[in-house]
Amino acid sequence: MSFSGEVKRELATVEPQARHCRIAEIAGLSGSLGITWDGAFVFQTENEQAARKIFTLLQKTYNIETGLSVSARNGGQKQSFRIALEDEKKIRDIQKAVRHPMLLAKDCCRRAFLRGAFIGSGSISAPEKYYHLEVVCADGGFADQVCGVMREMGLDGKIVLRKKTCVVYIKEADQIVTMLGEMGAGYSLMNLENVRILREMKGTINRRVNCETANMNRTAVMSARQIRDIMYIRDHGGLGQLKPRLREVAEARLMNPEASLGELGMLLASPIGKSGVNHRLQKLSAIAEELKQKEDSQGVS
């Protein structure tokens, strides 16, 4: 099962105790899938968790014993579920309740509403790949409502139009973790956090490896240039002409081409720091340049 499916399965087990929260969750479910109100309350979905949830919520909230039917059919490889209520009075009661202006006045109801919307038409990417949570909405009005509830709970929900469908989404990992917690998906939240920790550890290790590789490459390039200069001095006058402190560094570099400046400084009879070694190597490079210019001028003359 996908991570998105696991989240929905967990959320489907969350049972609101308060009646107002159950109504808020019904509102989230009905809005996300666009329930038909003409003559009958019809809820159709390919999501078995959503079908079970709306059926249970309707029964418990409105004490429905008769008039509520469930049918399932296979279409190709997919199974669809149809929940229908034909009791006109119950339909009017539900319609009035889910459109009540104070429906989402409480935090608990806002959490239930988001849970219903996500179960109905939400999805979340596998955290091993990237972070993305979205709710596909039946219309722009419901998208605005979902986005507004998210923002009231401190979540930066955004709306995008995708093939004439409104989609509310969040991408930041911290916000997705918050959303899962608010909806009641504690187990899925821990799984995501574990994956995120591993991803961050791998990212840190990769950055360090890349940094160390870059440093090694820079050291290798610098060392090769320094060795060329020292060999030029050796072949055009010899290292014996150098002052003792420069000759010592020159010989140490020739014998230790892979050593860093700090390591090179520790190899000297009287160890010095990186800046001291770098200063002496720069001096050697200047001497090599002077010899090259001298040879060039002699060649011209």
Item to check | Contacts of Asp144 that satisfy side-chain hydrogen bond (donor to acceptor under 3.5 Å, both in side chains) - sequence neighbours left out | outcome: none
Item to check | Charged N-O contact under 4.0 Å between Arg115 and Glu182 | outcome: no
Per-pair distances, 0.1 Å, donor-acceptor, side chain in residues 261-269, under 3.5 Å, sequence neighbours excluded:
residue	atom	partner	partner atom	Å
Glu263	OE1	Ser260	N	2.9
Glu263	OE1	Ser260	OG	3.4

Next on the checklist: Would you call the rings of His132 and Tyr130 parallel, tilted or perpendicular, taking 30° and 60° as the class edges?
Outcome noted: tilted
Item to check | Sequence neighbours excluded, every pair satisfying salt bridge (charged side-chain N to carboxylate O under 4.0 Å, His left out) that has a member inside residues 201-210 | outcome: none
Checklist entry - Does the pair Asp107/Arg110 count as a salt bridge with the N-to-O cut at 4.0 Å? => result yes
Checklist entry - Are Glu290 and Lys294 close enough for a salt bridge, meaning some N to O gap below 4.0 Å? => result no
Checklist entry - Are Arg92 and Asp87 close enough for a salt bridge, meaning some N to O gap below 4.0 Å? => result no
Next on the checklist: Holding to ring-ring contact (aromatic ring centres under 6.0 Å, His included), I want the full list of residues that pass it with His100, two or more places apart in sequence or in another chain.
Outcome noted: none
Item to check | Partners meeting side-chain hydrogen bond (donor to acceptor under 3.5 Å, both in side chains) with Arg199 (sequence neighbours left out) | outcome: none
Next on the checklist: Is it the case that the ring center of Phe55 lies less than 6.0 angstrom away from the ring center of Tyr62?
Outcome noted: no
Checklist outcome for this item: residues 275-286 vs side chain to side chain donor-acceptor pair (under 3.5 Å), sequence neighbours excluded, gives Asp229-Ser285
